[in-house]
Amino acid sequence: MGVSAIPHKYVAVVAVGIAALAIAFSPPRIGLVVAFIALSGVVLAVGALLERSRRESTAPLRDLGEAVEQVAATQHEERLAARHRATTLDERLQEYREAIERPAPPVPPPPGTVRLRRAQDLLWCGFSSEGLERLRSLGSDMDVTESVRSESHRSLANWYTAAGEGARAREHAHLADLAAPRISREATGVPRRVAMGRDRTRRDRHFDVVVLSDFRLPGGSTGSNLQEITAQRRAGLRTGLVHHPVRSRGLSGGVNPKVLAAVDGDLVRFVAPDERITCDLLVVRVPRIGERIMDEMPQIEAERSIVVLNQTPNRCYGVPDFRGNEAWNVARCAAGFGEMLGEHRWYPISSRVREAMEVEHAAEMAEAASWGITLADEDWTNIIDAPAWRRGTRRSPDGRVLLGRHSRDDKDKWPDDPRTLQSAYPEEPGWQTRVLGGASVPERMLGDLPSNWQVHPFDSVPVREFLHGLDVYVYFTRKGHLEPFGRSPLEAIAAGVPTLLPESFRPVFGDAAIYTDPAGVRAEVDALMADEARYARQVARGHEVVERMFGHDAHLRRLAEMGVRTPETSVRPSPVVPVS
């Protein structure tokens, strides 16, 4: 520490002390001492005043110095942070430059693309029989994209055009349009069958049965159509398919690949809009089609025409202020079908639909009579290939109880009350509920699915395989919802799974099912699982009812009654007046 750093008062005190000692030993001592002490006091007082004045004058400078040091430190930190940000930005820019310059990883082709290219290679290189077979297979494969299915049929159309087989080329061009409407438009914006021009040499074709429906639908409507198509093909009947999309459902989707797989180009084929055909029976399925009929329709001369009411006009009955309740409008459909078909009959798909039409929509049906429309006395029930669905034996016991259900994941298909839902599918130790079709509706209702639920997306597992792994089938729907038929329960009964349903299904399935409410599910399941004989009796009753009422033979018998020549008939009943 330097001399200048020693306070002035300390220097003055030391100086006074030294002077006092010097004077004390010099004569005259006393007077000099007193004088010196007085002088010392003056010096000390002056020194104190000077020190105080110094401190007061230097305080602002000291504060200013500290402030300057603090600002300098802050600026230094900011410079360091800015330098760090600049470095980080440079590193990121370098990464981006490298990413841009780096080749992008190859995007895997859509499912089925490689198989499609190989099939086209076979065709190109002279292995036409194998190439054509692979293309036909891809054209109805559910595991590939719509674009692959459509391009497979376009390749087939091109092949047959080059081979001079115009009729087959047009059929595959039409299938390409149906498989993926938007993709098939290409640059022309019109269907390929139209772009190929009208076939002036085509003769009228005759079909035993023509089915006009929306073949895009994923659920029971498509399943019912396929069962009837299969029964008719096995009986040697020719079936024509006319695809008529429901306009209100959108127009971009392609035909369900399950339907494409049923087409063989011989006994089963799609009818293009520019064709002229005849048939013994025209069956229209999906009543909502009548609200807006297509402008481009094939010319159909049918001995008889019917509309299958596979849906009630309202989704729910007895539920006030239910939004979006109308499924289809009776008056509009009567007008549309009246103009398209002339005189014809409407066939309810079950007694449940019949009751709704006769009671809830009696006035509308009276007006429909002005279009020559009447309600048939018989129901056009769904059918199923009973032997193909039946399992040999029940699931081997393993200490668990497996409940199940399958349907579209729609709010109408589930109970709308949490307590009802939990009663119908109990969360019991050792019990498991398996769902095929998705469960977003109950998940939203409950907040989370019960821990004992196992959920599969729609069509992710073959329905027959799913049902064969169950002990009991349980099916309850929204309060007030009138299930038109119940194809899902029919499939469960046919598979040999005891089926629990609400009482409202009794007119449809009779002894084939067990009827209870959600609160009674636990007791009914316990009784079945505890009594092997009871379980077997219920399975046998279900098989008997399905064979008698819903089998393929039952369908062929009603076709015969409608004037369709089947293996069981040789003389047709008197024909009715043809419809336009």
Item to complete: List in chain and number order the residues that pass side chain to side chain contact (heavy atoms under 4.5 Å, CB included) with Met142, two or more places apart in sequence or in another chain; answer none if no residue qualifies.
Response: Pro257, Lys258, Asp459
Worksheet item: Quick one: ring-ring contact (aromatic ring centres under 6.0 Å, His included) partners of Phe270, sequence neighbours excluded?
Response: Phe215
Worksheet item: Around atom CZ of Arg117, are there more than 12 heavy atoms of other residues, nucleotides or ligands at under 6.0 Å?
Response: yes
Discussion item. Under the rule for side chain to side chain contact (heavy atoms under 4.5 Å, CB included), what residues qualify as partners of Pro507, not counting sequence neighbours?
Written reply: Ser351
Worksheet item: Is the cationic atom of Arg408 (NZ for Lys, CZ for Arg) positioned less than 6.0 Å from the six-membered ring centroid of Phe458 and within 45 degrees of its normal?
Response: no
Worksheet item: salt bridge (charged side-chain N to carboxylate O under 4.0 Å, His left out) with Glu355: which residues, sequence neighbours excluded?
Response: none
Worksheet item: Quick one: side chain to side chain contact (heavy atoms under 4.5 Å, CB included) partners of Arg249, sequence neighbours excluded?
Response: Asp214, Arg216, Leu217, Val246
Worksheet item: Is there a donor-acceptor contact under 3.5 Å linking the side chains of Tyr475 and His406?
Response: no
Worksheet entry | Distance-only side-chain donor-acceptor flag, Gln432 / Arg434, under 3.5 Å | yes
Worksheet item: Hey, are Arg285 and Ser221 close enough side-chain-wise for a donor-acceptor pair under 3.5 Å?
Response: no
Discussion item. Taking ring pair (Phe, Tyr, Trp, His ring centres under 6.0 Å) as the criterion, tell me which of Tyr347, Phe509, Trp380, Phe505 meets it with Phe485.
Written reply: Phe509
Response to the item:
Residues passing the side chain to side chain contact (heavy atoms under 4.5 Å, CB included) test with His244, sequence neighbours excluded, are Leu212, Ile289, Ile293, Met294, Met297
Fill in: Modelled atom types, side-chain donor and acceptor of His361 and Glu364, under 3.5 Å
yes
